[in-house]
Amino acid sequence: MDERNPHAPEHLSTGELIARLSEQSSTLIRDEMRLAKAEFGEKAKYAGVGLGMFGAGGLLGFFGVAVAIATAVMALALIWPAWLAGLAVTVVLFIMAGVVALVGKKKVKAAGSLKPERTIGNVKKVATEIKENATHEHR
């Protein structure tokens, strides 16, 4: 009695092997996408709460800075007229804003393209390897 399995990979034609590879690859990709979706949904819930709290902290920080600026104006108003104290603080704030904006612009320019070059290169490399292997298997 021959115990060899006629469906074993060594008994299949190249076309059948490629069809099996395509089917298994599709199944694997679908399963991985389902897993990623489930994982993302779970993490998104926690991230949403964290982002909300982070935003609230930022808003409170913004109001804290606003009150500190008002305090600076009131402190300077003790020695200068109120309009001059307000003008001085305004000028300092605009200078600081300009410096921060210029530094930020420089950093964005230094970052270059946001296109994921390495990932694109890796995907192209894998695609080329798959095509080459399929060509070699088909011969």
Side-chain angles (χ1 to χ4, degrees):
M1 181 162 139
D2 189 3
E3 294 185 20
R4 287 185 279 171
N5 181 357
H7 298 292
E10 59 268 10
H11 298 293
L12 297 175
S13 71
T14 303
E16 291 170 325
L17 288 171
I18 290 174
R20 185 181 279 188
L21 173 65
S22 175
E23 178 185 321
Q24 290 175 350
S25 296
S26 295
T27 301
L28 177 63
I29 290 170
R30 279 193 301 274
D31 290 347
E32 290 298 325
M33 292 299 290
R34 276 191 224 111
L35 177 62
K37 184 178 176 183
E39 185 179 357
F40 179 76
E42 184 179 320
K43 288 183 177 184
K45 289 176 189 176
Y46 292 111
V49 171
L51 287 172
M53 294 175 79
F54 187 73
L59 185 61
L60 291 172
F62 171 78
F63 286 128
V65 169
V67 171
I69 291 168
T71 303
V73 171
M74 289 187 291
L76 286 174
L78 295 174
I79 53 174
W80 293 338
W83 68 268
L84 184 57
L87 180 62
V89 171
T90 300
V91 168
V92 169
L93 288 172
F94 278 136
I95 290 171
M96 290 171 56
V99 169
V100 170
L102 289 175
V103 170
K105 180 181 175 186
K106 186 176 179 182
K107 295 249 184 223
V108 168
K109 189 174 181 180
S113 172
L114 296 178
K115 192 166 36 169
E117 300 290 344
R118 286 186 290 183
T119 302
I120 291 170
N122 287 342
V123 169
K124 287 181 180 178
K125 181 180 173 185
V126 168
T128 301
E129 288 176 6
I130 290 172
K131 286 179 187 176
E132 288 174 359
N133 288 337
T135 304
H136 287 99
E137 292 291 326
H138 190 61
R139 290 183 190 171

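It should be emphasised that the depicted structure is a prediction, and the values quoted were computed from it without experimental measurement.
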Closest non-hydrogen atom pair, [X] against [Y]:
X   : Y   : answer
A88 : W80 : CB-CZ3, 3.6 Å
A77 : A82 : CB-CA, 4.1 Å
T90 : G86 : OG1-O, 2.7 Å

In this structure, would [X] and [Y] fall into the same cluster of hydrophobic residues linked by side-chain contacts under 4.5 Å?
X   : Y   : answer
V92 : I69 : no
V91 : V89 : yes
L87 : I95 : yes
L84 : L76 : yes
W83 : L93 : yes

Next on the checklist: With side-chain contact (heavy atoms from CB on, under 4.5 Å) as the criterion, how do L28 and Q24 come out once you've worked through the C-alpha distance, each side chain's angles and the decisive distance to 0.1 Å?
Outcome noted: CA-CA 6 Å; L28 177 63; Q24 290 175 350; over 6 Å; no
Non-hydrogen side-chain atoms of [X] and [Y] separated by less than 4.5 Å:
X   : Y   : result
L78 : M74 : no
I29 : M33 : yes
R30 : R34 : yes

Checklist entry - Does CD belonging to E23 count more than 12 external heavy atoms closer than 6.0 Å? => result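 Atom CD in E23 is not packed in, count stays at 12 or less.
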Checklist entry - Are K43 and E39 ion-paired here, with the side-chain N under 4.0 Å from a carboxylate O? => result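 Here K43 pairs with E39 in a salt bridge, since their nearest N and O are under 4.0 Å apart.
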Checklist entry - When rounded to the nearest 0.5 angstrom, what is the spacing between OG1 in T119 and CD in E117? => result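 The OG1 atom of T119 sits 9.5 Å away from the CD atom of E117.
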Checklist entry - Could you go step by step and tell me if E32 and L35 meet the side-chain contact (heavy atoms from CB on, under 4.5 Å) rule? => result CA-CA 5 Å; E32 290 298 325; L35 177 62; 4.1 Å; yes
Item to check | Side-chain (S22) to main-chain (I18) donor-acceptor, under 3.5 angstrom | outcome: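 It does not hold such a pair.
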